[in-house]
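Single-structure report; data block below.
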Amino acid sequence: MKTNELIKDLSLIKQTGTLPEDITALEIDSRAVTDGTAFVCQKGYTVDGHDFAGQAVKNGAKLIITEKELELEACQIIVKDSARALAFLADRFYGSPSEKMNVFGVTGTNGKTSVSNLIHELIRKLGGRSALSGTIGFDLDGDLRQSANTTSDLLTTQKMIHTAKEQGISNMIFEVSSHGLVEGRLWGVDFDVAVFTNLSHDHLDYHHTMEHYGYAKGLLFSQLGQDLTKQKAAVLNLDDEWFERYAQMTPHEVISYSMEKPADFYAEDIQYMADRTYYKLMSPEGAFDLETQLLGTFNVSNTLAAIAALYAKGYRVSDLVEALKEVAPVSGRMQLVPTSAPLSIYIDYAHTPDAIEKAIKSVMPFKKNRILFLIGTGGNRDKSKRPAMAKMASLADYVVLTTDDPRYESYESITSDLEKGMEHKGYACIGDRGEAVRHLMQQAEPDDIIIFAGKGHEDYQIIENTKYPHSDSNIALEVIAERF
Ligand SMILES: Nc1ncnc2c1ncn2[C@@H]1O[C@H](COP(=O)(O)OP(=O)(O)O)[C@@H](O)[C@H]1O
Ligand SMILES: [Mg+2]
């Protein structure tokens, strides 16, 4: 790209040296720099990109965007704020790809992965092509690649949109974390539809108060912008108390959904089965009998959100209802483990008090014997949610309290915090997660419902800083082979 074009309109303090005619790439990691790259010095939590500018020049960087003049043999552009400069440059370098695509953002405490995946799969079932970025990775219309975070850094985000667009994909779905919003990792992304699932206690080690956490999620709705010539929408959960505040953040259309009361999209006559859910979908296009493979009360809410999001982009409700029958649950979200033993075993990713409550309540309608529930929490992370998690786990008849990536914290420290919230005596504390799963399976009796929560799709356990292979379902199936 011509460097003149790249930096035209960029607000800068000063330029030193001669501007290279072209630049070949834009990077923030000096290790990724190749000949002709423009390197932006970004201040991160642990490292400061300014310290790596020299390395970037050695690797071939021809232009350095920096907040302070450095002793370097390369052209420098000094800016006041390199994070804002990066947002501008990344959008410009990749040709504002988000403006040319249908971009969906999904935020909320729980259900982001589930709703994003539903939108993505519905588009694909209906013959469209779609890319998805979130906890599970970067899924380029069926080709899954790894990603480090639920919401990637700003440059990676723009690269993903660009890659999808280059491949002729016209839809891009982002699972949007509150961290990503506060850190401006989505600056410059032109969202068409912003979806809110719900807000409950999580990540307070980072946000400190629910007010800040709620505000952080709200940034997504203000990011729809003020250009009313563009057809955009906010899809909001009417059952959540933040509905009003998020509606106030955008002048664009608000589409509501609810499990409890009339809204643009709402559910009536819900029937929960062990392997399917049915309900009557009430919509602006009339009533439909809806069937889904997704289980649990929260998935009723999630399917409503996904349908409303696609309706906002002109999809017909009848087509969406038809396609939904075929959509499988995301791996590890109330996923039924196939077994011939007379038990129902689910793997779930619930790791907040609200999600735990909903996971347990969702199996209650078909409870025949007991509900056995296993939950752990991560070490060295938000500790304040631990007792609240165990309090909700007490809804189950028997609870095993364990760990979920203990990192550097001791087993006892984690399980004793959890234990404070237990409301009955039917529980055991077993720090080693493998042993905890085995113990729970030893207690199982015919017709019990078993939920292993917290790990979901993850196939590892992090102890200190090492990832060890771990699978709740494999261990459960081993015990079943011994006992049933
Ligand atoms: N709408 C919802 N409300 C409450 N809990 C939910 C909802 N959707 C999912 N969950 C619970 O949260 C867990 C994580 O779901 P997921 O879709 O991965 O959410 P996120 O990406 O926001 O972490 C699920 O396994 C389930 O237990
Ligand atoms: Mg997620």
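Just so you know, ligand 1 is whichever comes first in the structure, and atom 1 is the first atom listed for that ligand.
- The CZ atom of Phe288 sits 10.5 Å away from atom CD of Glu322, with the distance rounded to the nearest 0.5 Å.
- For an aromatic pair to be called close, the ring centres must be under 6.0 Å apart, and Phe174 with Phe104 fails this.
- For Thr352, the heavy-atom gap to ligand 1 stays at 4.0 angstrom or more.
- Listed by number with element, the atoms of ligand 1 under 4.0 Å from a non-hydrogen atom of Glu175 are 21 (O).
- The closest protein non-hydrogen atom to atom 7 (C) of ligand 1 is Phe298 CB, 3.3 Å.
- Aromatic ring orientation, Tyr349 versus His351: perpendicular (interplanar angle above 60°, classes split at 30° and 60°).
- Residue Asp354 approaches ligand 1 through these ligand atoms, each under 4.0 Å from one of its heavy atoms: 4 (C).
- Atoms of ligand 1 found under 4.0 Å from any heavy atom of Tyr349 (numbered from 1 in listed order, with element): 13 (C), 14 (C), 18 (O), 25 (O).
- For the ligand labelled ligand 1, residue Thr197 lies outside the 4.0 Å heavy-atom shell.
- Distance from atom 5 (N) of ligand 1 to its nearest protein heavy atom, with residue and atom name: Asn110 CB, 3.3 Å.
- At a threshold of 4.0 Å, the pair Lys159-Glu166 does not count as salt-bridged, since none of the basic side-chain nitrogens sits closer than that to a carboxylate oxygen.
- Cation-pi contact between Lys455 and Tyr460: present, with separation from the ring centre below 6.0 Å and deviation from the ring axis of at most 45°.
- Proximity of a side-chain donor or acceptor of Gln335 to a complementary backbone N or O of Gly332 within less than 3.5 Å is detected.
- Taking 2.8 Å as the threshold, Thr113 counts as a candidate ligand of the Mg ion (ligand 2), since one of its N, O or S atoms lies below it.
- The protein heavy-atom contact nearest to atom 3 (N) of ligand 1 is Asn198 ND2, 3.1 Å.
- In the vicinity of Ser114, heavy-atom distances shorter than 4.0 Å reach the ligand 1 atoms 16 (P), 17 (O).
- Atoms of ligand 1 lying under 4.0 Å from any heavy atom of Lys358, numbered from 1 in the order shown and given with element: 3 (N), 4 (C).
- With a 4.5 Å cut-off on side-chain heavy atoms, Leu181 and Gln223 count as touching.
- The N, O or S atom of Glu175 lying closest to the Mg ion (ligand 2) is OE2.
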**Request:** Verify ring pair (Phe, Tyr, Trp, His ring centres under 6.0 Å) between Tyr427 and Tyr398, making sure each step is shown before the conclusion.
**Result:** CA-CA 5 Å; Tyr427 71 91; Tyr398 186 71; 8.4 Å; no
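- For ligand 1, the polar-atom distance check finds an N/O of Thr113 within less than 3.5 Å of one of the ligand's N/O atoms.
- Considering each of Val176, Asn302, Leu118, the one bringing a non-hydrogen atom nearest atom 1 (N) of ligand 1 is Asn302.
- Between Asp190 and Lys232, at least one side-chain N (NZ, or NE/NH1/NH2) sits under 4.0 Å from a carboxylate O, which counts as a salt bridge.
- Scanning the protein heavy atoms around atom 11 (C) of ligand 1, the nearest turns out to be Ala355 CB, 3.5 Å.
- Neither the backbone nor the side chain of Asn299 has any atom closer than 4.0 Å to an atom of ligand 1 (non-hydrogen atoms only).
- When atom types are taken as modelled, the side chain of Thr209 and the backbone of His212 share a donor-acceptor pair closer than 3.5 angstrom.
- Taking only nitrogen or oxygen atoms, main chain and side chain alike, Thr135 does not reach within less than 3.5 Å of ligand 1.
- Closest protein heavy atom to atom 25 (O) of ligand 1: Asp348 OD1, 2.4 Å.
- The aromatic rings of Phe196 and Tyr246 sit perpendicular, their planes meeting at an angle over 60°, well past the 30° parallel limit.
- Here the side chains of Thr403 and Gln461 are in contact, with some heavy-atom distance below 4.5 Å.
- Among the backbone and side-chain atoms of Ser116, none of the N, O or S atoms lies under 2.8 Å from the Mg ion (ligand 2).
- Counting the atoms of ligand 1 from 1 in the order shown, those under 4.0 Å from a heavy atom of Thr109 are 22 (O).
- Salt bridge annotation for Arg370-Asp397: absent, with no cationic side-chain nitrogen under 4.0 angstrom from a carboxylate oxygen.
- Among all non-hydrogen protein atoms, the one lying nearest atom 19 (O) of ligand 1 is Gly111 N, 2.8 Å.
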